Amino acid sequence: MQNHRWLRTPAGTAPRISFGADYNPDQWPREVWDEDVRLMKAAGVDVVSVAIFSWAKLQPGPDTWDFDWLDELIDLLHANGIGVDLATATASPPPWLTTAHPEVLPVTADGTVLSQGGRQHWRPTSPVFREHALAIVTKLAERYGSHPGVVAWHVNNELGCHNAYDYSDDAARAFRVWLEERYGSIAGLNHAWGTAFWSQAYSAFDEILPPRVAAAFPNPTQQLDFLRFSSDALIDHLVAEREILNRISPDIPVTTNFMVVGETSHADFAKMAGEIDFVSNDHYVVEGRDELAFSAAITSGFARHRPWYLMEHSTSAVNWQPINRPKRPGELIRDSLTHVAHGADAVCYFQWRQSVAGAEKFHSAMVPHGGEDTRVFRDVVKLGGILQDLGDVVGSDRARADVAIVFDWESWRASELDSHPTEKLRYRREAFDWWTALTNAGIRVDVVPADTPLDGYRLAIAPVLYSAPTALRESLERYVEGGGHLVTTYFSGIVDENDHIWLGGYPGAFRDLLGVRVEEFRPLWEGEQVALSNGTTGTLWSEPVDVTAPDVEVLVRYEGEEELDAAVTRRPVGSGSAAYVSTRLGVEGIGALLPTLLDGAGVASELPEAIRGSVELVVREGANGRFEFLINRTDDEVDLGEGDYLCGSAILPARGVAVRRA
Ligand code: GAL
């Protein structure tokens with residue numbers, strides 16, 4: 001994403017926030033297409049993703065191809081001013097391929113071969129799959145690479161959504177090559193994996209397997225490397241497709257849709273972002289409004305705060321949760337505009353027309369089963385109008401905040417491996433609690449990958465920064481020495497890049513910076529709470545913290561616990577500081593601590609006190625000015641005061657969003 005290339009737009013087109021959906025007309029009779037185009041125009045749709053699951057239709061047999069329908073479709077859309085984000089169609093291989101080549105099917109850790117009949121049943125490392133996938137990519141690029149209606153290439157779909165972890169023999173072979181490149185020698189690998197433990201020493205790379213189901217905990221570094229390798233295998237597939245697209249149609253930007261949502265952690269999206277022209281994300285509401293905003297902010301961090309493409313979200317209910325409720329009035333528009341606030345310059349859904357058959361027929365769409373005379377379609381049309389009014393926002397960046405949460409994919413995955421002090425720790429949950437508490441306090445926050453330079457942020461929060469390679473430790477030290485205010489928590493600074501413990505006491509790599517030392521962790525039982533001196537409580541984790549530097553201030557203490565004393569500490573370092581939180585405070589406990597941390601870092605809310613917490617503020621800034629997005633987090637009306645509103649007005653209704661010039 002070094003150069004950030006956005007959708008190709010025909011010359012003379014006014015900038016606009018693009019609006020559309022996944023469009024699957026190959027699942028419908030031809031006469032429906034004209035009706036679709038009529039409704040798309042009514043809704044202001046200007047872009048659709050096409051052919052995502054069309055491989056079997058485009059290539060009905062090994063040597064037969066059928067592009068006529070796609071020719072006609074792209075021409076029809078183009079003639080009506082609707083751009084095509086053209087998928088490479090490789091997400092779901094057709095049955096003829098898996099019948100002829102069952103060796104492309106993925107294998108689970110216990111040896112189960114996953115069958116055709118669903119979707120994404122392919123091994124990322126299969127040479128046979130790769131060959132067939134690249135053949136169809138080549139055909140599509142040759143045929144449509146200079147079509148003026150194609151505005152972007154959409155590689156595959158949600159890489160790794162169902163097939164991220166494949167334990168097949170193909171995976172084993174590719175894993176060995178990956179390891180050899182990483183470690184250079186078997187001795188290097190044996191050291192990194194700590195194979196002196198449990199008689200695991202390898203004498204050759206050929207002996208190595210993916211961490212298949214074993215008699216006891218598989219080697220943790222082997223597990224971690226397998227997670228890294230599996231993500232790299234997906235990126236390798238992305239790059240293979242992209243290289244063909246770039247070679248044959250260099251003018252069309254390439255993207256692929258990430259899945260920054262909830263607990264999904266299979267791919268290193270920060271790294272993947274480096275391989276595409278603009279970031280795209282798919283998000284579904286899994287834990288409510290704040291999680292949506294948090295995920296959108298993480299996505300913006302991957303996009304380095306440049307505009308990104310919301311490739312999929314839902315107009316209303318999904319179909320894949322245990323119980324699927326529709327959105328409440330206002331939520332369709334609020335959810336979409338929250339993504340725009342966090343940098344989305346395209347707002348698209350899964351999918352355009354709700355399916356009549358198949359596994360997703362109960363998933364909402366822009367045109368529901370009930371047709372155009374429905375609340376959902378009326379809201380879609382309304383949103384299309386609002387997006388047109390936001391033309392000045394297009395191309396602007398998400399403006400930098402004073403506070404950053406460091407969200408480290410590596411620490412996420414490594415801190416949750418098995419055989420740890422507690423299996424209840426959830427990395428993302430801790431980070432999300434800080435996000436929520438800061439939003440409650442009316443503070444804008446960026447969420448950034450661990451390699452982001454932190455200078456310029458007054459306050460950086462790095463919760464559960466378990467994995468602390470030397471370079472990261474040094475960059476955090478420099479940040480604090482340069483006047484930055486760092487907060488980190490329990491289970492931080494624990495290991496290096498090989499998952500080897502930093503010896504001498506916890507929190508290992510950050511012990512000296514923080515001026516504290518911990519000899520033993522003391523995780524809490526489920527339901528157990530520890531009382532804290534500021535009236536809040538800790539859960540999940542606690543530690544007997546020894547203060548080792550004379551200048552360390554104890555901000556909060558454990559109460560009534562024989563073995564515990566300091567709970568939250570802060571050490572001044574020059575004009576900066578380094579604070580340590582040794583228990584899980586939760587949103588409420590963080591909220592109680594925040595005024596001290598914010599004051600210390602010189603951070604203040606930009607919102608009037610009366611609306612702090614009720615409203616989330618996000619700012620975008622670009623050539624046309626600075627724009628404040630004010631999102632109502634409550635079910636009550638909020639008075640924002642007068643202003644120059646592009647959307648909404650001073651009185652923000654329940655679940656409403658207003659946008660005004662700053
Ligand atoms: C995504 C996928 C779409 C559709 C959607 C339903 O994971 O890319 O094709 O299945 O979920 O929510």
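All figures in this text were calculated on a predicted structure; none of them were measured in a lab. Each ligand, and each atom within it, is numbered from 1 in the order the structure gives.
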> Any cation-pi pair here, Arg242 with Trp153, using under 6.0 Å and within 45°?
Replying inline: no
> Can we say Arg228 and Glu410 salt-bridge, meaning some charged N sits less than 4.0 Å from an Asp/Glu carboxylate O?
Replying inline: yes
Pairs under 3.5 Å, N/O atoms on ligand 1 and on the protein: can you put them in a table with the distances?
from	atom 1	to	atom 2	distance (Å)
ligand 1	7 (O)	Glu158	OE1	2.4
ligand 1	7 (O)	Glu158	OE2	3.0
ligand 1	8 (O)	Asn157	ND2	2.8
ligand 1	8 (O)	Glu158	OE1	3.2
ligand 1	8 (O)	Glu158	OE2	3.3
ligand 1	8 (O)	Glu312	OE1	3.2
ligand 1	8 (O)	Glu312	OE2	2.7
ligand 1	9 (O)	Arg119	NH1	3.0
ligand 1	10 (O)	Arg119	NH1	3.0
ligand 1	10 (O)	Arg119	NH2	3.0
ligand 1	10 (O)	Glu360	OE1	3.4
ligand 1	10 (O)	Glu360	OE2	2.3
ligand 1	12 (O)	Tyr284	OH	3.4
ligand 1	12 (O)	Trp320	NE1	2.7
ligand 1	12 (O)	His363	NE2	2.7

> Taking only residues two or more places apart in sequence or in another chain, which ones pass salt bridge (Lys or Arg N to Asp or Glu O under 4.0 Å) with Glu35?
Replying inline: Arg38
>> Could you check whether Asp36 and Tyr23, counting side-chain N and O atoms only, form a donor-acceptor pair closer than 3.5 Å?
In response: yes
> Under a 4.0 Å N-O cut-off, is there an ion pair linking Asp26 with Lys57?
Replying inline: no
> Quick check: does any side chain N or O of Asp408 sit under 3.5 Å from a backbone N or O of Ala450, one acting as donor and the other as acceptor?
Replying inline: no
